[in-house]
Student: 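This is the structure I want to talk about, given as structure tokens.
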Amino acid sequence: MRLKIFVSWSQKRSQVLGQALVDWIPLVLPNVNFWMSADDIPIGTPWYSSIGTSLLQCRFGVVCVTPENADSAWLSFEAGVILGAMRDTAKICPLFLGVPELLGPLQQFQGTDTSKAGIRKLITTLNSAVGKGADPIKYVDDRFDKYWPKLRLEIKKIEETPLGAVAIPSVLKAFARKQDEFSKPVWLTTVHFEKGFESHALYEAASSIAKKRLLIFGRKNRKLFDKDHLDFLVSLPDRIKKGFEFRCLFLDPDADPHVISSAHQDIDFGEQLRLSIEHAWEILSKAGLDPDAHCRTYSVQRSFRGLILDDAVLHSHIRYQGSVKPLPFTKSSFSVDSVGSHAGKDFLDEFSCLWETGHPISKALRTTRP
């Protein structure tokens, strides 16, 4: 009697492991055959029905589990179908490669790993499941020892293959096992963008949707006061009369030289700051606003910059070329947090502190303005 084994896999390394077993196990156990979706679904055949039919014909399932698919719902589904079809006569064996612990429905099954002892245990179990056609254990052991180096070489290649991307759910499950060391995760408070920070598009979007406040924590803030956003700047007086809050923090061009150099790699960055502040003064004055009421300078070294848009915080961290020169913020990555989150509260507190201790921008001008 031949034993039909279903090999269950999900994602690339799991598939390669499954294929290695399909090629190697018959060398040790001639009385078994396999069904594996990567090989045994004819072209043009509906894959879902083909897998379902094959599952119902199998009495043993080997589930290839790797770090990339340890929480795969598909593996649990295939194991469940075999178990449901054969009930007490079916056996499921999770085979672990680089997985220290199994979570989810598959943890109810006794598994083994890809060590020599683990694979020997699998072979012994499969031989017993053959029933009347099982080979004497002595012959099985002899063939196992003869062909083990071949499988070990294939497993080693798989182990040395770089891991696939680790999904966020896998990370959360790993952290959940240490609940005493991590706080409960908060969903839907943070979004990350790979590019676009400190761009005209960002300021255009921010100024168009802001309803109650726009607080800017930057360095030069040059783009905000460009002609591209004059409509917003001209509308500020009416907005402010209706309760809109607008504040902008500039890096002080008279700050310590190490603060200036840590903020930007241009040698004349201090002069650029002063010109940007003078430009902002002119724009706000023409709009009928008191620049000192809405703009201040800070003189401390910061590791991030950003803005508060109503109840959202947009922020980006300084990146460095080597260990000294800061890279430009323009079009860099940034995150968006709720102002009620820990990150949002920290940013708002930082902004409020720097605003309270900052200086009116008139102090940074070349000449005193009325």
Side-chain angles (χ1 to χ4, degrees), residues 168 171 185-210 212-226 228-229 232-233 245-253 255 258-266 269-270 272-273 275-277 279-280 294-355 357-358 361:
I168 288 177
V171 176
V186 180
W187 293 91
L188 301 179
T189 61
T190 302
V191 177
H192 184 74
F193 293 86
E194 290 298 326
K195 62 180 181 178
F197 193 68
E198 208 178 57
S199 63
H200 281 296
L202 182 140
Y203 284 119
E204 180 182 358
S207 61
S208 66
I209 65 175
K212 65 179 184 179
R213 65 181 171 185
L214 183 60
L215 312 181
I216 309 292
F217 175 23
R219 297 168 298 177
K220 293 190 299 181
N221 305 311
R222 184 187 61 79
K223 288 188 176 67
L224 174 64
F225 293 97
D226 273 1
D228 302 64
H229 312 295
F232 166 72
L233 296 167
E245 183 181 8
F246 175 74
R247 297 181 184 179
C248 187
L249 283 168
F250 290 84
L251 178 57
D252 193 335
H258 79 275
V259 173
I260 300 297
S261 62
S262 69
H264 204 283
Q265 55 184 288
D266 289 353
F269 187 58
Q272 293 179 35
L273 285 170
L275 289 173
S276 296
I277 290 173
H279 180 65
H294 300 284
C295 299
R296 294 185 182 180
T297 62
Y298 64 94
S299 303
V300 297
Q301 184 173 342
R302 305 304 303 153
S303 61
F304 60 89
R305 65 139 298 169
L307 58 89
I308 297 171
L309 168 62
D310 292 344
D311 293 326
V313 176
L314 289 66
H315 56 95
S316 180
H317 284 265
I318 293 176
R319 299 169 301 136
Y320 290 90
Q321 180 179 4
S323 59
V324 179
K325 293 183 178 181
L327 295 172
F329 270 116
T330 303
K331 297 185 179 180
S332 65
S333 61
F334 67 99
S335 297
V336 181
D337 282 279
S338 164
V339 78
S341 67
H342 286 296
K345 290 177 181 177
D346 288 345
F347 189 95
L348 182 58
D349 288 344
E350 288 283 346
F351 184 93
S352 299
C353 180
L354 291 174
W355 181 263
T357 58
I361 62 170

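We count residues from 1, following the sequence as given.
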Student: Taking the side chain from His294 and the backbone from Phe246, do they hold a donor-acceptor pair closer than 3.5 Å?
Tutor: yes

Student: Should the pair Phe334 and Phe197 be assigned to parallel (<30°), tilted (30 to 60°) or perpendicular (>60°) ring geometry?
Tutor: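 Phe334 vs Phe197 ring planes: tilted.
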
Student: Looking at Lys345 and Asp349, is there a salt bridge between them, counting it only when a charged N and a carboxylate O are closer than 4.0 Å?
Tutor: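 Between Lys345 and Asp349 there is no salt bridge, as every charged N stays at least 4.0 Å from the carboxylate O atoms.
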
Student: Has His229 got a side-chain atom pairing as donor or acceptor with Tyr203's backbone, closer than 3.5 angstrom?
Tutor: no

Student: Tell me, do Arg213 and Asp311 make a side-chain contact under 4.5 Å, heavy atoms counted?
Tutor: yes

Student: Would you find a donor on one side and an acceptor on the other, under 3.5 Å apart, between the side chain of Asp310 and the backbone of Lys212?
Tutor: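 Judged by distance alone, yes, a pair lies under 3.5 Å.
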
Student: Between Ser341 (side chain only) and Asp337 (backbone N and O only), is there a donor and an acceptor less than 3.5 Å apart?
Tutor: no

Student: How far apart are the closest heavy atoms of Leu214 and Phe232, and which atoms are they?
Tutor: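 Minimum heavy-atom contact is CD2-CZ, 3.7 Å.
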
Student: Would you find a donor on one side and an acceptor on the other, under 3.5 Å apart, between the side chain of Asn221 and the backbone of Leu249?
Tutor: yes

Student: Please walk me through it: do Leu215 and Glu245 pass side-chain contact (heavy atoms from CB on, under 4.5 Å)?
Tutor: CA-CA 8 Å; Leu215 312 181; Glu245 183 181 8; 3.9 Å; yes

Student: Going by the rule side-chain hydrogen bond (donor to acceptor under 3.5 Å, both in side chains), which residues pair with Arg296 if we only count those two or more places apart in sequence or in a different chain?
Tutor: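 By the side-chain hydrogen bond (donor to acceptor under 3.5 Å, both in side chains) rule, Arg296 matches no residue at all.
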
Student: To the closest 0.5 Å, what do you measure between NZ (Lys220) and CG (Leu275)?
Tutor: 9.5 Å

Student: Mind listing the closest non-hydrogen atom pair of Cys295 and Trp355 along with its distance?
Tutor: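 Reported closest heavy-atom pair: N-CH2, 3.7 Å.
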
Student: Is the distance between the ring centroids of Phe217 and Tyr298 under 6.0 Å?
Tutor: yes

Student: Identify the heavy atoms of Val300 and Leu251 that sit nearest to each other, and give their distance.
Tutor: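 Taking Val300 first and Leu251 second, the nearest heavy atoms are O-CD1, 4.4 Å.
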
Student: From Phe351 CZ over to Leu307 CG, what is the distance, rounded to the nearest 0.5 angstrom?
Tutor: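 Nearest 0.5 Å value for the CZ-CG distance: 9.5 Å.
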
Student: Is it true that atom NE2 of His342 has more than 12 heavy atoms of other residues, nucleotides or ligands lying nearer than 6.0 Å?
Tutor: no

Student: Is any side-chain heavy atom of Leu348 closer than 4.5 Å to a side-chain heavy atom of Ile308?
Tutor: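 Yes; the side chains approach each other to less than 4.5 Å.
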
Student: Any non-hydrogen side-chain atom of Leu202 less than 4.5 Å from a side-chain atom of Lys223?
Tutor: no

Student: Between Ser335 and His315 (side chain of the first, backbone of the second, donor and acceptor by atom type, cut-off under 3.5 Å), is there such a pair?
Tutor: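 It does not hold such a pair.
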
Student: Quick one: closest heavy-atom pair of Gly270 and Pro253, and the distance?
Tutor: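 Shortest heavy-atom contact: O-CB, 3.4 Å.
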
Student: Determine whether Asp252 and Val259 make a side-chain contact, defined as any pair of heavy atoms from C-beta on separated by less than 4.5 Å.
Tutor: no

Student: Look up atom CG in Leu224 and atom OG in Ser207, then write down how far apart they are to the nearest 0.5 Å.
Tutor: 8.0 Å

Student: I need the minimum non-hydrogen distance between Phe250 and Ser276, along with the two atoms involved.
Tutor: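 Taking every non-hydrogen atom into account, CE2-O, 4.3 Å.
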
Student: Heavy atoms, side chains only, cut-off 4.5 Å: are Asp226 and His200 in contact?
Tutor: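 Heavy-atom side-chain distance check passes, below 4.5 Å.
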
Student: Which heavy-atom pair separates Leu309 from Ala206 by the least distance, and what is that distance?
Tutor: CD1-O, 3.4 Å

Student: Once rounded to the nearest 0.5 Å, what's the spacing between atom NE2 of His279 and atom CZ of Arg222?
Tutor: 8.5 Å

